[in-house]
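Reckoned from all heavy atoms, side chains included, excluding hydrogens, waters and symmetry mates.
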Amino acid sequence: MKEGFRQSMAWLHTWSGLLVCWILFLIFAAGTSSYYRDEISSWMKPELQAATAAPVGNVQAAQNAVRALEQQAPDATRWFISLPDDRTPTMRIGWIPRAVPGEKPARFQSMLLDPATGAAMPSVRETRGGEFLYRLHFDLHYIPVRWARWIVGFCAMFMLVAIVTGVITHKRIFKDFFTFRPKKGQRSWLDAHNALGVLALPYHLMITYTGLITLMFMYMPSGVETVYKGDQQAFFADVFPSAQNGPAAGRPAALTPIAPIVERAEQQWQGAAASITINHPGDANATVSVTRQYYRHLSYLRPSMQFNGTSGELIASHGDSVSGAAETRGVLYGLHMAHFSDPLLRFLFFLCGLAGCAMVATGALLWAVKKRQGQAKAIAAGARPTFGLRLVEGMNIGVIAGLPIAFAAYFWANRLLPVGLENRIDIEARCFFIAWGVALACAHIRPSRRMWQWLLAFGGFLFMSLPVLNAFTTNLHLGVTLLHGPAVFAGFDLMALLLGCCFAYAAWRLKGGKHGVQKKPLKRPAADEKLMPEAT
């Protein structure tokens, strides 16, 4: 504290951001793409585009789904139906086969249906689509789930500290919003970092804090363990009540028609149903649970209704009125997921997420630029950059310029891998990490300005050529989708073109010069630059 409170906060801001910035960049990039995970999944399953030609109501779709389940899994213990919506035109059914005594429990099975006919969608490629990117931003894929979520929570806490200390550090926080001085080396990076941080500051605070809230019961379990003696099931039953299902009666009985149940639920909610779960189908104790779509409410909690599976009588309603604590968590969870958003608001969330990626990237670059300037004389005299500087520069290149290559490789793999390939889902994910690993290796072998250019240019090429690849591998090229739809394919191709142009432009702007060294020295440091500490 010898240098004063704000100087100490500047030191904390620098290191709390730098130590986790590369994981944060991955979290922001994958999380931002998750705002369009349904659209990404639709693009990655082009065989499903025929399902958009004949949209039907939920009542007819549910009837078709039940008929398909009666044919596919008449002896299953539970049926699941995911109904179509505005962003997902297809319908998925699933079931849990009845366990055979002495054998391993049967695995969950599912299939996609055309809502209009109830027929199985033919030759649909296996892919996790946008779900892979969504899970990646908090499960980190190859790391055990519990460890991954602790790592993500640790990084989010550091991010929260960096945001708060950044606000304390900057006296001119509102002026920084309108200040950018290009081609000024370190000052330009500082201006960019400040402007991006202030531009979406409410979003950065909200998304970081609510991200911690989504996993609060894992990070802070002591309260539940103390009051409920470690019985988390009892806690969730009290705070988030849901349908309770008893055992099967063992007496066969016909399932009640599904249409009146769906009609009654949608009439009461004045909104569409999202999913149906049928427990013990064909049994006298069968129950039918219907859950509402997210609709346009802030809360992530969705009401549900449970019906008797043989008579169709209403047994219970859940979620119409919840406790204040549950509603508070539901709203915070909903803010993070943004299911309530319309297309325009979702796009604004997406832009703020991109601003978050750029804020993290410019912060990491600012540290490297400042450190290299401090070593400029020694480097000019023939000394090698320190290990810390070389490591940070290699990580900056490999993560900031290499991660877009991994995203593009994932989409390329989706189009190039054979549709019927075994373990296709896993191979797509491997392509993502192999491409990223190669980019990271190249960046550490030669952490230079030239490597920035190569990786950015290659990432730009991969994204810009995605619409061309799509045209050669499907009949949904950009000219067709712009005129006749489906809109999701046109939107994906246009965004890929835009991102590719941005990466190509960045590579073009990096022509010439030496990485991390500005052409002209700074005349006088700005007030905030004085607060940026030298790394020790």
Side-chain angles (χ1 to χ4, degrees), residues 17-30 33 132-133 136-137 139-144 147-148 151-152 155 357-358 360-369 371-372 375 379 383-414 416-417 423 426-466 469 499-500 502-504 506-511 513-517 535:
L18 179 67
L19 293 176
V20 297
C21 63
W22 303 296
I23 300 179
L24 282 175
F25 188 82
L26 170 64
I27 294 170
F28 260 99
S33 68
F132 164 74
L133 301 175
L136 176 66
H137 98 279
D139 278 353
L140 305 181
H141 198 65
Y142 287 120
I143 300 176
W147 281 103
I151 292 171
V152 170
C155 294
C357 295
V360 173
T362 52
L365 289 168
L366 177 61
W367 187 94
V369 169
K371 188 66 176 177
R372 179 169 280 274
Q375 300 179 20
I379 294 174
R384 291 178 60 84
T386 61
F387 172 78
L389 175 59
R390 188 176 177 85
L391 175 65
V392 170
E393 288 187 329
M395 290 299 296
N396 283 348
I397 299 171
V399 174
I400 298 171
L403 194 58
I405 294 176
F407 274 78
Y410 178 61
F411 299 134
W412 270 71
N414 176 261
L416 295 180
L417 293 174
N423 296 326
D426 295 332
I427 295 174
E428 281 186 353
R430 287 176 203 159
C431 290
F432 178 97
F433 288 103
I434 290 172
W436 194 17
V438 171
L440 278 167
C442 293
H444 282 286
I445 291 171
R446 188 181 180 185
S448 64
R449 190 184 191 98
R450 183 66 65 185
M451 185 57 66
W452 274 106
Q453 284 185 269
W454 289 346
L455 293 186
L456 286 171
F458 187 54
F461 165 76
L462 290 178
F463 269 103
M464 285 192 292
S465 56
L466 268 176
L469 176 67
L499 289 174
C502 290
F503 296 135
W508 176 75
R509 287 297 302 268
L510 283 170
K511 282 185 178 180
K514 191 176 181 181
H515 175 63
V517 180

Check: L389 main-chain N/O paired with W367 side-chain donor or acceptor under 3.5 Å: no
Whether R449 side chain and L510 backbone form a donor-acceptor pair below 3.5 Å: yes
Residues W436, L403; criterion side chain to side chain contact (heavy atoms under 4.5 Å, CB included); working and verdict: CA-CA 6 Å; W436 194 17; L403 194 58; 3.7 Å; yes
Closest heavy-atom pair and its distance - [X], [Y]:
X    : Y    : result
I143 : A148 : CG2-N, 3.7 Å
A443 : G394 : CB-O, 3.4 Å
C431 : A409 : O-CB, 4.0 Å
P404 : V399 : CD-O, 4.1 Å
I23  : C155 : CG2-SG, 3.8 Å
V360 : C21  : CG1-O, 3.2 Å

From [X] atom [atom1] to [Y] atom [atom2], the distance as rounded to the nearest 0.5 Å:
X    : Y    : atom1 : atom2 : result
L365 : E393 : CG    : CD    : 9.5 Å
I445 : M451 : CD1   : CE    : 7.5 Å
H137 : S33  : NE2   : OG    : 9.0 Å
H444 : L391 : NE2   : CG    : 6.0 Å
N396 : W452 : CG    : CH2   : 5.5 Å
I27  : I151 : CD1   : CD1   : 9.5 Å

Derivation and outcome, side chain to side chain contact (heavy atoms under 4.5 Å, CB included), residues C357 and F25: CA-CA 6 Å; C357 295; F25 188 82; 4.0 Å; yes
Residue Y142 excluded, over 12 heavy atoms near OH under 6.0 Å: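 Result for OH/Y142: enclosed.
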Side chain to side chain contact (heavy atoms under 4.5 Å, CB included) evaluation trace for S465 with W412: CA-CA 9 Å; S465 56; W412 270 71; 3.0 Å; yes
Worked check of side chain to side chain contact (heavy atoms under 4.5 Å, CB included) between Y410 and L136: CA-CA 13 Å; Y410 178 61; L136 176 66; over 6 Å; no
Within-4.5 Å side-chain heavy-atom neighbours: W22 and V392: yes
Parallel, tilted or perpendicular: ring planes of F458 versus F461, cut at 30 and 60 degrees: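 Ring orientation, 0 to 90° scale: parallel.
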Aromatic ring pairing F433/F132, orientation class (parallel under 30°, perpendicular over 60°, tilted between):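 The arrangement is perpendicular - the two ring planes meet at more than 60°.
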